[in-house]
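What you see below is based on every heavy atom in this structure, not just the backbone, and it leaves out hydrogens, waters and symmetry mates.
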There are 2 protein chains.
Amino acid sequence: MELRHFIYFITVAEELHFGRAATRLQMTQPPLSKQIQQFEEEIGVALFKRNKRHVELTTAGEFFLPEAREVVAQVHQAVDTAQRAHRGEFGRLVIGFVGSATYDILPSIIREYRRIFPHVSIKLHELSTPDQVAALLGDRIDIGLLHPPVGSSLIETTPIERGYAALSLPKNHPLAKKEKIQIEDLRDVPFILASRDIWPGLYDEFLSLFKNVDFTPKIVQEATEYQMVVGLVSAGIGVGVVPATAEKLFNLEVVYRDIDHYPLKAVLSLAYLKRNTNPALKNFVSLTKRICSDER
Amino acid sequence: MELRHFIYFITVAEELHFGRAATRLQMTQPPLSKQIQQFEEEIGVALFKRNKRHVELTTAGEFFLPEAREVVAQVHQAVDTAQRAHRGEFGRLVIGFVGSATYDILPSIIREYRRIFPHVSIKLHELSTPDQVAALLGDRIDIGLLHPPVGSSLIETTPIERGYAALSLPKNHPLAKKEKIQIEDLRDVPFILASRDIWPGLYDEFLSLFKNVDFTPKIVQEATEYQMVVGLVSAGIGVGVVPATAEKLFNLEVVYRDIDHYPLKAVLSLAYLKRNTNPALKNFVSLTKRICSDER
DNA sequence: GGAACACATGGAACTTCGCCATTTTATCTA
DNA sequence: TAGATAAAATGGCGAAGTTCCATGTGTTCC
């Protein structure tokens with residue numbers, strides 16, 4: 001019993017004429033007759049009443065016809081489902097992200113992706129960059145939104161946001177009066193940073209600013225997230241270093257200032273395993289790239 | 001693309017091992033590998049990720065698996081439906097019947113048939129015997145419940161009720177006092193009969209009773225149904241001739257008597273076209289025969 | 001009653017499916 | 001590091017099944 005038999009049966013049932021049915025099936029009449037006979041024998045049911053001149057369905061054939069059509073429809077649906085999944089229209093996507101990504105880029109990407117691929121289920125996990133790298137290598141997430149570098153040749157990364165970091169100061173801080181802060185102004189200033197785990201690139205870049213001056217910054221406090229940095233700043237503990245997108249965490253007690261001539265690059269990257277074959281991943285990556293290039 | 005491919009895919013997906021899957025399919029591994037490859041090529045979707053040592057489903061394969069199982073299930077359901085219809089468990093049955101059959105045998109047969117074959121839809125038409133014969137020959141009904149003879153070699157008949165007819169008299173009629181009526185008592189009695197169309201056999205048999213006596217019965221009225229005969233009798237118009245089962249049409253004004261030594265046979269038969277292949281018909285006929293033999 | 005139509009039958013050719021033997025590659029172990 | 005083992009892929013061959021062509025047979029229509 002093969003699919004062929006069902007298709008042959010349906011065609012003959014529609015034409016009630018072996019010759020015409022054979023033409024529609026692009027074959028000749030004798031093999032069609034034989035296949036139908038074999039099929040009837042195999043299932044033990046006469047599907048047609050034939051009297052050398054006229055063909056008609058038996059009662060069993062009439063009941064079989066809609067079921068046979070259902071078989072063919074189900075076959076098409078199955079193949080279609082596989083092809084859609086292959087194109088990434090069905091699937092699952094597990095996304096890791098650093099907390100700072102939620103301030104800006106992540107929600108708009110997710111929103112757009114959901115609109116275009118409504119049948120892909122998305123699972124989000126807030127993870128630090130090193131945890132994301134481990135999760136990627138352990139196949140627990142498909143995509144990471146993290147701060148480079150990741151330090152693994154198995155992982156592909158593309159920058160999606162080339163933003164900058166800024167200093168956040170209590171609004172009554174003396175330096176807050178200046179439009180641009182000079183690096184010399186930062187001598188003896190107490191700093192509050194997110195811990196190096198959160199964003200090693202930014203942490204290291206901040207420290208490297210001071211290679212060309214004769215002092216090192218005084219880090220008085222490390223926080224586990226940027227929201228906490230801003231909180232400590234507004235409490236007057238010190239001056240914070242946060243990505244510029246954190247300005248969206250409105251806090252009236254805090255102002256943001258750049259350091260003159262010393263931009264702090266704050267790159268957010270998309271990261272995924274090179275060997276990951278999840279079709280939904282490709283779409284997510286290309287969609288993200290498109291959105292980011294549109295914004296420029 | 002054939003059913004085989006779906007079954008092969010499901011088995012490999014369940015085993016995730018071409019060798020074991022091949023064993024389960026009672027074949028060797030190489031042709032199985034080849035068939036899966038061809039199938040993947042045909043639908044344009046990689047269903048398995050294989051790396052010479054391990055096999056696993058791709059995302060598309062995971063989405064395809066339940067759909068493929070659905071295909072196989074639908075195939076089985078389709079074949080099962082055809083086989084059930086072939087056995088007469090699904091179907092339609094159009095039944096013609098004479099009015100007198102409703103008094104006794106028909107309801108119990110229908111009730112029992114419905115219980116055993118709940119998925120056969122039954123359509124009932126009250127028709128006279130000649131109309132039933134025409135309807136049978138014109139393929140408008142599958143079965144007739146009628147009074148023989150039918151007079152067509154295309155039609156098969158089997159008696160299902162060998163009942164008797166009786167005389168019905170107004171309860172104050174002189175003859176009503178007698179337990180058994182002698183045929184001589186019927187001289188000059190006005191008779192009421194159902195018209196010959198209704199039951200030619202009974203009509204003719206009644207007339208033939210009088211071949212051996214020197215008078216013919218006086219038929220004063222013909223009615224179009226037995227209920228009407230009984231009604232006319234109770235109105236005192238005359239003496240009726242009705243099937244014994246008509247006694248169930250309770251009427252306190254009427255009594256029933258037999259004619260001594262002259263039983264009036266009242267045969268009800270099942271009739272159907274010999275060439276009718278409706279499987280539900282066979283079951284109906286054999287069930288009816290069983291019920292009738294049980295009752296004896 | 002003959003012609004035309006339509007399904008069935010029989011035999012030949014081609015396709016393809018499955019088996020066997022072998023190769024390739026990945027993993028495990030010494 | 002290298003050999004052993006396991007598992008999928010590859011290639012050639014035989015057999016089975018499918019298709020085509022030619023023909024047979026029973027119906028229907030003129």
Side-chain angles (χ1 to χ4, degrees), chain A residues 1-43 45-58 60-61 65 72 137-139 154 273-277, chain B residues 1-43 45-58 60-61 65 72 75 137-139 154 273-275 277:
Chain A
M1 190 193 323
E2 289 293 354
L3 219 50
R4 170 170 26 97
H5 295 113
F6 288 81
I7 293 164
Y8 290 177
F9 165 75
I10 292 166
T11 310
V12 176
E14 282 171 356
E15 296 289 341
L16 291 178
H17 187 292
F18 280 78
R20 279 197 301 275
T23 306
R24 255 180 61 186
L25 291 165
Q26 313 210 54
M27 64 194 292
T28 54
Q29 170 262 320
L32 179 58
S33 290
K34 191 178 262 182
Q35 289 286 319
I36 296 283
Q37 285 167 24
Q38 287 174 357
F39 190 39
E40 288 179 317
E41 179 141 358
E42 184 171 5
I43 65 176
V45 177
L47 298 170
F48 294 103
K49 268 186 286 189
R50 337 159 166 58
N51 63 3
K52 291 275 185 189
R53 187 77 184 172
H54 283 303
V55 177
E56 57 182 317
L57 285 167
T58 60
L65 180 56
V72 175
L137 293 172
D139 280 321
L154 296 173
L273 276 183
K274 285 173 183 167
R275 62 170 154 80
N276 190 327
T277 56
Chain B
M1 189 191 327
E2 289 293 354
L3 220 51
R4 170 170 26 94
H5 295 113
F6 288 80
I7 293 164
Y8 290 178
F9 164 76
I10 293 167
T11 310
V12 176
E14 281 171 357
E15 296 289 341
L16 291 178
H17 187 291
F18 280 79
R20 279 198 301 275
T23 306
R24 255 181 60 187
L25 290 164
Q26 313 210 55
M27 63 193 293
T28 54
Q29 169 262 320
L32 178 58
S33 291
K34 192 178 265 180
Q35 290 285 318
I36 296 284
Q37 285 167 26
Q38 287 174 356
F39 190 39
E40 287 179 319
E41 179 142 358
E42 185 169 6
I43 65 176
V45 177
L47 298 170
F48 295 103
K49 268 186 286 189
R50 342 157 164 58
N51 60 4
K52 289 276 184 186
R53 187 79 184 174
H54 284 301
V55 177
E56 58 183 316
L57 285 167
T58 60
L65 180 55
V72 175
V75 165
L137 294 172
D139 279 321
L154 296 173
L273 277 183
K274 285 173 183 167
R275 62 169 155 81
T277 57

Any non-hydrogen side-chain atom of [X] less than 4.5 Å from a side-chain atom of [Y]?
X	Y	value
Ile36(A)	Leu47(A)	no
Phe39(B)	Glu2(B)	no
Lys49(B)	Thr277(A)	yes

To the nearest Å, give me how far apart [atom1] ([X]) and [atom2] ([N]) are.
X	N	atom1	atom2	value
Leu25(A)	dT19(D)	CG	C1'	13 Å
Glu2(B)	dT18(D)	CD	C1'	11 Å
Gln35(A)	dA16(D)	CD	P	17 Å
Arg50(B)	dA6(D)	CZ	C1'	17 Å
Glu42(A)	dG17(D)	CD	C1'	13 Å
His5(A)	dG17(D)	NE2	P	11 Å
Leu32(B)	dA8(D)	CG	C1'	11 Å
Glu56(B)	dA8(D)	CD	C1'	15 Å

message: Between Ser33(A) and Gln29(A), is there a side-chain donor-acceptor contact under 3.5 Å, judged purely by atom types and distance?
response: yes
message: Assess the residue pair Gln37(B) and Leu32(B) against the criterion (side chain to side chain contact (heavy atoms under 4.5 Å, CB included)); give the C-alpha distance rounded to whole Å, side-chain angles, the decisive distance to 0.1 Å, and a yes or no.
response: CA-CA 9 Å; Gln37(B) 285 167 26; Leu32(B) 178 58; over 6 Å; no
Could you pull out all residues at least two apart from [X] that satisfy side-chain hydrogen bond (donor to acceptor under 3.5 Å, both in side chains)?
X	value
Thr58(A)	none
Glu14(A)	Arg24(A), Arg69(A)
Glu40(A)	Arg50(A)

Of all residues at least two apart in sequence or in a different chain, which pass the side-chain contact (heavy atoms from CB on, under 4.5 Å) check with [X]?
X	result
Leu154(A)	Leu137(A), Ser152(A), Leu273(A)
Gln35(B)	Arg4(B), His5(B), Tyr8(B), Gln38(B)
Arg20(B)	Glu15(B), His17(B)

- line: 5'-most to 3'-most nt of DNA chain C touching chain B (<4.0 Å, heavy-atom partner on protein side) reads dC17(C) to dT27(C)
query: Base, sugar-phosphate alone, or nothing: which one does Phe48(B) contact when heavy atoms must sit under 4.0 Å apart?
result: nothing
query: Taking only residues two or more places apart in sequence, or in another chain, which ones meet Glu56(B) in a salt bridge (charged side-chain N to carboxylate O under 4.0 Å, His left out)?
result: none
- prompt: In B/S/- notation, 5' to 3', how is nucleotides 21-30 of chain D contacted by protein heavy atoms closer than 4.0 Å?
  reply: BB-B-SBS--
- prompt: What is the bend of the helix from dG1(C)-dC30(D) to dA30(C)-dT1(D) when you compare the axis at one end with the axis at the other, using five pairs each and rounding to 10°?
  reply: 30°
- prompt: Which residues, if any, of residues 12-22 of chain A bring a heavy atom under 4.0 Å of DNA chain D?
  reply: none
query: Excluding sequence neighbours, so at least two apart, what forms ring-ring contact (aromatic ring centres under 6.0 Å, His included) with Phe9(B)?
result: Phe48(B), Phe64(B)
message: Working note: Phe6(B) + Val75(B), criterion side chain to side chain contact (heavy atoms under 4.5 Å, CB included); need CA distance, chi angles, decisive distance, verdict.
response: CA-CA 11 Å; Phe6(B) 288 80; Val75(B) 165; over 6 Å; no
query: Between Tyr8(A) and dT18(D), does any side-chain N or O lie under 4.0 Å from OP1 or OP2?
result: no
